[in-house]
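Position 1 is the first residue of the sequence; numbering continues from there.
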Amino acid sequence: MRNRVVVTGMGAITPIGNSVDEFWNGLKEKKVGIGPISVFDTADYKVKLAAEVKDFDPKNYMDPKTAKRMERFSHFAVAAAKEALENSGLDMAKEDPFRVGVCVGSGIGSLQSIEREYKKLLDRGPGRVNPLLVPMMIGNMAAGNVAIQFGLKGKCFNVVTACATGTHSIGEAFRSIQYGEADVMVAGGTEASITPLSIAGFGALTALSTSQDPLRASIPFDKDRDGFVMGEGAGVVVLESLEHAQKRGAKIYGELAGYGATCDAYHITSPAEDGSGAAKAMEWAIKDAGISPEDIDYVNAHGTGTHHNDLFETKAIKLALGDHAYKVHINSTKSMVGHLLGAAGGVEFIACLKAVQEGFIHATAGLEHEDEGCDLDYTRGQGLKADVTYAISNSLGFGGHNASLVIKKMQ
C-alpha cells in the first residue's frame with residue numbers, strides 16, 4: 001500500500017508577483033511580467049527582454065547576515081519555502097524534524113557568482129576569490145539553505161534536469177512520501193539566471209526570442225513565436241501524506257495523484273519529433289493516478305514558445321490522450337512569466353493547483369494565430385471557468401528529460 005499524497009502549502013516568487021495570491025491573480029488578469037533587461041547593459045545583445053522578479057528584498061525573508069551568504073536562486077527558494085510552510089500551518093515544534101524533508105532543485109545554480117568571481121580571478125588573482133564561492137554557487141544549496149532555515153532534517157536532495165527540474169523535484173518528493181521515507185516534503189524549483197553569460201549562451205543557441213515587444217515575445221503555439229523569454233523565480237509546495245495532513249487538521253489544496261518520467265534519448269536540445277517521450281511520461285502519470293486519459297480536464301503545457309517544443313509537445317498530447325486531446329483545455333503559464341528554467345515546473349504546478357481549486361483556467365496570453373500543427377485548444381482570450389477534477393503539468397528539459405504530474409481535486 002502506497003501513501004496518498006496531498007498538497008497543504010504553496011509559495012511563489014515570480015515575475016508577476018512575490019506570493020501565490022499575487023501570482024495567481026496576475027495569471028487571471030493576463031498580466032505579462034516581461035520587460036527590458038535591467039540587471040546589465042544589453043547594447044551588444046540581440047536579446048533585450050526578460051521576465052525579472054520585481055521588488056524582491058531577501059531581508060524580508062531572512063536576516064541580513066544569512067542573506068549575504070546566499071545567492072539569488074537560494075534567496076528565491078527560501079522565500080517561496082517560507083510562504084509555503086506558513087501557508088501549510090505546519091508547526092515544526094510538534095513534528096519529528098527527521099520526517100520532514102526537502103527536494104528543491106535548480107537547473108543552473110548561481111551564474112552570478114561564477115561571472116563575478118571569475119572576473120576577480122582574472123583581474124586580481126586567485127587570492128581575491130570569495131572563500132564562499134563554491135557553497136554559494138552549487139545548485140544543491142537551494143535545498144540545503146531551505147533545510148537549514150527551517151530546521152528540516154529529513155531526506156534532503158535536489159534534482160537537476162534543466163527545464164524539467166521543478167517537476168522532477170516535486171515528483172521525487174512525492175515518491176519519498178508514497179513509500180514512507182518522509183511524512184512531509186518541501187519541494188519545487190528555483191532559478192535566477194538572467195545574467196550576461198546566460199543570455200549570451202541561450203541567445204547563441206537561438207533559443208531566446210529577439211522580439212522587443214513584451215506582449216509579443218513569449219507567445220507559445222503562435223505562428224509568430226521565435227523563442228522563449230528568460231524568466232526567474234521559485235515555486236515551492238508542501239507535500240504530506242494524507243494521513244499526516246488529516247491528523248493535524250491541515251487545509252488540503254489538492255492531491256498529487258500521479259507522476260511519470262522518461263527520456264527521449266534523442267537530442268541534447270530538441271524534444272523527440274514524434275512526441276513519444278513526453279507522451280509516455282503523461283501516460284505513466286495517468287496510469288500512476290489510476291485513471292484514464294479521458295479523465296484529464298486540463299493540461300498545463302511546457303509551452304516554451306520555441307518552434308520545436310510547441311509542435312512536438314502538441315504531438316505528445318495527442319499521442320497520450322488520443323481523440324480526447326481535442327477536448328481538454330491547454331495553456332502555457334510561460335506566456336506571462338517567461339521560462340523560469342528549473343523553477344518552471346514549480347510555479348506551473350501551483351497554477352494547476354489553483355485551477356483545480358478555483359475552477360479557472362488562465363489564458364495563454366499573446367496567442368493570436370495558432371501555428372500549423374498546433375491545432376488544440378490552447379485557451380485563447382481571457383481564460384475560462386471550468387470544473388477541473390484532474391490536471392496534468394508537463395515539463396521538458398534539455399537532454400531529453402520529460403516529467404508529468406497529475407493533480408486531483410480533493411473530494
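- For the residue pair Cys156 and Ala147, the shortest heavy atom distance occurs at SG-CB, 4.0 Å.
- Between Asp226 and Thr210 the shortest side-chain heavy-atom distance falls below 4.5 Å.
- Between Gly11 and Glu83, the shortest heavy-atom contact is CA-OE1, 3.2 Å.
- Applying the salt bridge (charged side-chain N to carboxylate O under 4.0 Å, His left out) definition to pairs two or more places apart or across chains, those involving residues 303-321 are Arg225-Asp310, Lys318-Asp375.
- Remark: the Tyr266 side chain and the Glu273 side chain contain an N/O donor-acceptor pair separated by less than 3.5 Å.
- Side-chain N/O atoms of Lys155 and Ser176 include a donor and acceptor closer than 3.5 Å.
- Side-chain atoms of Thr314 and Tyr378 include a donor-acceptor pair closer than 3.5 Å.
- In the model, Thr333 has a side-chain atom that pairs as donor or acceptor with a side-chain atom of Asn300 under 3.5 Å.
- No donor-acceptor contact under 3.5 angstrom links the side chains of Asp183 and Ser241, judged on distance only.
- With 3.5 Å as the limit, one finds no donor-acceptor pair spanning the side chains of Asn3 and Tyr179.
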Exercise. What's the verdict on salt bridge (charged side-chain N to carboxylate O under 4.0 Å, His left out) for Lys409 and Glu255, showing C-alpha distance, side-chain angles and the deciding distance?
Worked result: CA-CA 6 Å; Lys409 180 188 287 187; Glu255 181 173 358; over 6 Å; no
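- For Lys48 and Tyr45, the positive end is not near the middle of the six-membered ring at less than 6.0 Å and at most 45° from its axis.
- No side-chain donor-acceptor contact under 3.5 Å links Ser393 and Glu348.
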For this session: Starting from the C-alpha separation in whole Å, work towards a yes-or-no answer on salt bridge (charged side-chain N to carboxylate O under 4.0 Å, His left out) for Lys82 and Glu86.
Result: CA-CA 6 Å; Lys82 186 175 191 289; Glu86 289 175 352; 2.8 Å; yes
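- Nearest heavy atom pair, residue Asp288 against residue Gly258, reads OD2-CA, 3.4 Å.
- Put simply, the side chain of His302 gets close to the backbone of Leu396: a donor and an acceptor are under 3.5 Å apart.
- A distance-only check finds a donor-acceptor pair linking the side chain of Lys54 to the backbone of Glu52 [under 3.5 Å].
- Considering only heavy atoms from C-beta on, Ile252 stays 4.5 Å or farther from Val7 through its side chain.
- The residues Arg175 and Glu172 are annotated as not salt-bridged, no charged nitrogen and carboxylate oxygen being separated by less than 4.0 angstrom.
- Environment of CZ in Phe40: crowded, with over 12 heavy atoms of neighbouring residues, nucleotides or ligands closer than 6.0 Å.
- With Asn145 contributing its side chain and Ser74 its backbone, the two residues share no donor-acceptor pair below 3.5 Å.
- Within the 4.5 Å cutoff, no side-chain heavy atoms of Leu239 are placed close to those of Val184.
- When side chains are defined from C-beta on, Ile170 counts as touching Val237, because their heavy atoms get closer than 4.5 Å.
- Using a 4.5 Å heavy-atom threshold, the side chains of Arg69 and Met141 count as separate.
- Look at Arg72 and Glu232 and you find a salt bridge, because one of the NZ, NE, NH1 or NH2 atoms lies within 4.0 Å of a carboxylate O, short of that distance.
- The nearest pair of heavy atoms linking Gly366 to Ile219 is O-CG2, 3.5 Å.
- Applying the salt bridge (charged side-chain N to carboxylate O under 4.0 Å, His left out) definition to pairs two or more places apart or across chains, those involving residues 14-32 are Lys28-Glu358.
- Between Phe228 and Phe202, a ring centre-to-centre spacing shorter than 6.0 Å is recorded.
- Less than 6.0 angstrom separates the ring centroid of Phe56 from the ring centroid of Tyr61.
- Of the listed residues (Asn331, Val32, Thr14, Val229), just one forms a side chain to side chain contact (heavy atoms under 4.5 Å, CB included) with Met336, and that residue is Val32.
- The closest donor-acceptor contact from the side chain of Ser110 to the backbone of Met137 lies at 3.5 Å or more, if one exists at all.
- For the pair Glu117 and Arg128, the salt-bridge criterion is not met [side-chain N within less than 4.0 Å of a carboxylate O].
- Put simply, the side chain of Asp297 gets close to the backbone of Tyr390: a donor and an acceptor are under 3.5 Å apart.
- Separating the OG1 atom in Thr165 from the CG atom in Leu340 is a distance of 12.0 Å, to the nearest 0.5 Å.
- Side-chain atoms of Arg380 never come within 3.5 Å of backbone atoms of Thr364 as a donor-acceptor pair (strictly under, hydrogens ignored).
- Around CG of Asp55, the count of heavy atoms belonging to other residues, nucleotides or ligands within 6.0 Å does not exceed 12.
- In terms of modelled atom types and a separation under 3.5 Å, the side chain of Ser218 and the main chain of Lys334 share a donor-acceptor contact.
- Residues Ala51 and Ile34 share a closest heavy-atom pair of CB-CG1, 4.0 Å.
- No hydrogens or angles considered: a donor-acceptor pair under 3.5 Å links the side chains of Thr304 and Thr306.
- Under a cut-off of 6.0 angstrom, the local environment of NZ in Lys327 is sparse, with at most 12 non-hydrogen atoms contributed by other residues, nucleotides or ligands.
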Exercise. Yes or no on side-chain contact (heavy atoms from CB on, under 4.5 Å) for Leu27 and Ile16, after CA distance, side-chain angles and deciding distance?
Worked result: CA-CA 8 Å; Leu27 292 180; Ile16 58 172; 3.8 Å; yes
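- Atom CD of Glu372 is surrounded by 12 or fewer heavy atoms from other residues, nucleotides or ligands within 6.0 Å.
- At a threshold of 4.0 Å, the pair Arg99-Glu95 does not count as salt-bridged, since none of the basic side-chain nitrogens sits closer than that to a carboxylate oxygen.
- Between Arg216 and Asp222, at least one side-chain N (NZ, or NE/NH1/NH2) sits under 4.0 Å from a carboxylate O, which counts as a salt bridge.
- Between Glu370 and Lys223 there is no salt bridge, since none of the side-chain N atoms of the basic residue sits less than 4.0 Å from a carboxylate O of the acidic one.
- The closest donor-acceptor contact from the side chain of Ser198 to the backbone of Ile194 lies at 3.5 Å or more, if one exists at all.
- Side chain to side chain, Ser395 and Thr167 meet the donor-acceptor criterion of an N or O pair below 3.5 Å.
- Checked against the 6.0 Å centroid criterion, the rings of His329 and His362 do not qualify as a close aromatic pair.
- The minimum heavy-atom distance linking Phe221 with Ser332 is given by the pair CE1-CB, 4.3 Å.
- The backbone N or O of Asn158 sits nowhere less than 3.5 Å from a side-chain atom of Ser169 that would complete a donor-acceptor pair.
- Between Gln112 and Thr195, the side chains place no donor N or O within less than 3.5 Å of an acceptor N or O (distance only, hydrogens not considered).
- Here the side chain of Asp371 pairs no donor or acceptor atom with the backbone of Cys374 at under 3.5 angstrom.
- Under the side chain to side chain contact (heavy atoms under 4.5 Å, CB included) test applied with Val6, the options Lys408, Met410, His244 reduce to a single match, Met410.
- Heavy atoms of other residues, nucleotides or ligands lying less than 6.0 angstrom from NZ of Lys120 number more than 12.
- In this structure, the side chains of Phe349 and Leu256 come closer than 4.5 Å at one or more pairs of heavy atoms.
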